[in-house]
Amino acid sequence: MLNIAEYFPITDPTLIFFVVLLIILFAPIIMGKLRIPHIIGMVLAGILVGKYGLNILERDASFELFGKVGLYYIMFLAALEMDMEGMKKNKSRLIIYGLLTCFVPFFLTFGMSIWLLHYSTRASFLLSCIMASNTLIAYPIVSRYGLQQKPSVTLSVGSSMLSLLIALIMLAGLVASFSSHDGLLFWVLFTAKFAAYCGVMIFLIPRLTRWFLRRYSDSVMQFIFVMAMLFMSAALSQMVGIEGVFGAFFAGLILNRYIPHVSPLMNRLEFTGNALFIPYFLIGVGMLINVGLLFQGSHILWVIFCIVFFGTLGKAIAAYAACFGFRLPLSSGHMMFGLTSAHAAGSIAMVMVGMNLLVGPNTYLVNDDMLNGVVMMILCTCVISSMLTDWSSRKIILRDKELPDAEDTKKASDEKILIPVKYPEYADNLMSLAFLVRNQKLNRGLVCLNVVYDDKDMRYKQEQGRQLLDHCSQLAAATDVMTQTQVRIAAYIANGIKHAFNEFQCSEIIIGMHMHPE
């Protein structure tokens, strides 16, 4: 008889990629029918196909590579989409919440691991560092609902980076305590390297970006350049002694002002990440999770319960204390808790560091119980974070839904922007302005118009107008904006624009001023 098991796990790269693409394709469809966030579907699919499930795929180097890229991508996009003006206005709130969401779970977890799990002081310190940080695994849910600019999201993203930085610094101190080098010398060198890294990135990236974007307009080259800046920053941060996720986030903060939120380049960055890299990361996280550990006895269940309960409780206390202290709506507190409660690859990285620290002959800082507890904690917190973020996103949308009077409703619902274009050198600027001023919530299309004189050159100018309007449609398609186009013949340009404005029932006109003689 045919033994199917001998063909698994799949080792052929082509088949591995095919299976991953099937998961990325069907997981959102199935989860959507079950009304479960797509992110959970990716993680559950990783559990199913991994070595602890059906053993269809092995977590090979491709999952390591694409998974790390996906984690960097999440942090990078979170920084790119942050409301920097809102951050500047609320920097004191961000710092306060960052300290709360770091140290409240840190001290709760430290006390729990000492008194309930009876871990050593160093092991408790490591576990507390893991629970003090968090991964923005639910951020794609926020992006899907278009809530990136909300104060609760901005606070959560900024505080996540602050808590991660503090946790990584404390972890570096823990590693230094195992070293034979002088502790003071280590901290002096570490501070100097970190300051030099930040200074070099702040000086170098903006200058390179301005030079490159002005010199090269090719969309592929711009995308590759941004990716190069992302991984340069991540690689240099690792050389300094801080995890690459901080470097990815730092690069996003620096590039935030150079990449508009509504632009073809931003659309390509989001599309590539959401279509491939981020799902790869989520599937890879799922492949690390061994659900069978839940059936190995009550001790491991007690370890998992303590880690999940006290770590999540600390994040909840910090989120709701900040929510009430800042006088934000309760739904904002739900959002803050949801975004900051998940732990993923960052936790695995910290545990791996502990697994290499010797505390005695053939005895490492991290034992099997802690490793298994942290891995199962990742599954639990990912589920909690994803479901709570999805639920709170819908709550915030309903909360912010305004009920204006009938006249205002009619005026808002009738938004349609007319863009008369005639000269190619002005078309890109007019379209970019239209993308920025259009109402994102209404998501209405644009009307692009080209008016030509009724004269002997009419046919030639009509063809030129069609080519120009095709170019405008391509620009709009890159940002997922629908367009209607028309080449209109008129005796007077102004009359042609006026008649098109009335026919399309437009509400605004974006028109350029030029010095071309007619």
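Values in this document were obtained by computation on a predicted structure and should not be read as measured data. For reference, positions follow the sequence shown, starting with 1.
Closest approach of Thr483 and Ala476 over heavy atoms only: CG2-CB, 3.2 Å. Nearest approach of Val157 to Tyr139, heavy atoms of both residues: CG2-CE1, 3.7 Å. Smallest separation of non-hydrogen atoms from Ile259 and Leu80: CD1-CD2, 4.1 Å. The two residues Gly465 and Asn450 make their nearest non-hydrogen contact at CA-OD1, 3.5 Å. Here the closest non-hydrogen pair linking Tyr97 and Ser156 is CE2-CA, 4.1 Å. Nearest heavy-atom pair, Pro424 versus Leu468, reported as atom, atom and distance to 0.1 Å: CA-CD1, 3.8 Å.
Lys68 is not listed as a side-chain neighbour of Phe281, based on a closest heavy-atom distance of 4.5 Å or more. Using a 4.5 Å heavy-atom threshold, the side chains of Phe194 and Leu165 count as touching. For the pair Leu433 and Asn429, the minimum side-chain heavy-atom distance is 4.5 Å or more. Val383 has its side chain out of reach of Val43: every pair of non-hydrogen atoms, C-beta onward, lies at least 4.5 Å apart. Here the side chains of Leu255 and Ile205 are in contact, with some heavy-atom distance below 4.5 Å. At a threshold of 4.5 Å between non-hydrogen side-chain atoms, the residues Thr340 and Ser159 count as touching. Between Phe337 and Cys323 the shortest side-chain heavy-atom distance does not fall below 4.5 Å. Two residues are said to be in side-chain contact when any heavy atoms from C-beta on lie closer than 4.5 Å; Leu77 and Ser143 fail this criterion.
Note that CD1 of Ile511 is 11.0 Å distant from CD1 of Ile419, once rounded to the nearest 0.5 Å. To the nearest 0.5 Å, atom CD1 of residue Ile137 and atom SG of residue Cys382 are 3.5 Å apart. The distance from atom CD1 of Ile74 to atom CG of Asn274, rounded to the nearest 0.5 Å, is 9.0 Å. Separation of atoms OG1 (Thr209) and CZ (Phe225) is listed at 4.0 Å; rounding is to 0.5 Å. Rounded to the nearest 0.5 Å, atoms CD1 (Ile95) and CG (Leu155) are 11.5 Å apart. Interatomic distance, NZ of Lys416 versus CD of Gln484, reported as 5.0 Å (0.5 Å rounding).
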task: Apply the test side chain to side chain contact (heavy atoms under 4.5 Å, CB included) to residues Gln222 and Val226: give CA-CA distance (whole Å), side-chain angles for both, the deciding distance (0.1 Å), then the verdict.
output: CA-CA 6 Å; Gln222 288 184 350; Val226 172; 5.7 Å; no

query: Could you go step by step and tell me if Ile397 and Leu147 meet the side chain to side chain contact (heavy atoms under 4.5 Å, CB included) rule?
result: CA-CA 8 Å; Ile397 290 175; Leu147 302 175; 4.1 Å; yes

task: Take Asn439 and Arg444, measure what side chain to side chain contact (heavy atoms under 4.5 Å, CB included) needs, and give me the verdict at the end.
output: CA-CA 7 Å; Asn439 191 324; Arg444 297 303 174 87; over 6 Å; no

message: If you apply the rule side chain to side chain contact (heavy atoms under 4.5 Å, CB included), what do you find for Met201 with Met232, and how did you get there?
response: CA-CA 9 Å; Met201 291 297 98; Met232 178 186 72; 4.1 Å; yes

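In this pair, Tyr216 and Phe212 present their aromatic rings tilted. The plane angle is within the 30 to 60° band. The aromatic rings of Phe277 and Phe66 sit parallel to each other, their planes meeting at less than 30°, with 60° as the upper class boundary.
For His343 (side chain) and Ser133 (main-chain N/O), a donor-acceptor pair under 3.5 Å exists by modelled atom type. Panel note: side chain Tyr73, backbone Leu269; a donor-acceptor pair is recorded below 3.5 Å. For the pair Lys33 (side chain) and Pro28 (backbone), a donor-acceptor distance under 3.5 Å is absent. Judged by distance alone, the side chain of Ser332 and the main-chain N or O of Ser152 form no donor-acceptor pair under 3.5 Å. For the pair Ser237 (side chain) and Ala234 (backbone), a donor-acceptor distance under 3.5 Å is present. Remark: side-chain polar atoms of Ser233 are paired, donor with acceptor, to backbone N or O of Gly247 under 3.5 angstrom. Using a distance-only test at 3.5 Å, with no hydrogens or angles considered, no donor-acceptor pair links the side chain of Asn134 to the main chain of Ala342. No donor-acceptor distance shorter than 3.5 angstrom exists from the side chain of Thr389 to the backbone of Ser386, with no hydrogens or angles considered. A side-chain donor-acceptor contact under 3.5 Å links Ser163 to the backbone of Ser160. In terms of modelled atom types and a separation under 3.5 Å, the side chain of Arg93 and the main chain of Phe326 share a donor-acceptor contact.
For residues 456-468, the side chain to side chain donor-acceptor pair (under 3.5 Å) pairs, not counting sequence neighbours, are Arg459-Gln462, Tyr460-Gln464.
A search for side chain to side chain contact (heavy atoms under 4.5 Å, CB included) contacts involving Leu162 returns Ile166, not counting sequence neighbours.
When only modelled atom types and interatomic distance are considered, Asp390 and Tyr145 share a side-chain donor-acceptor pair under 3.5 Å. Under the 3.5 Å distance criterion, with hydrogens and angles disregarded, no donor-acceptor pair is assigned to the side chains of Asn267 and Thr479.
Shown here is Met458, whose CE atom has more than 12 heavy atoms of other residues, nucleotides or ligands within 6.0 Å.
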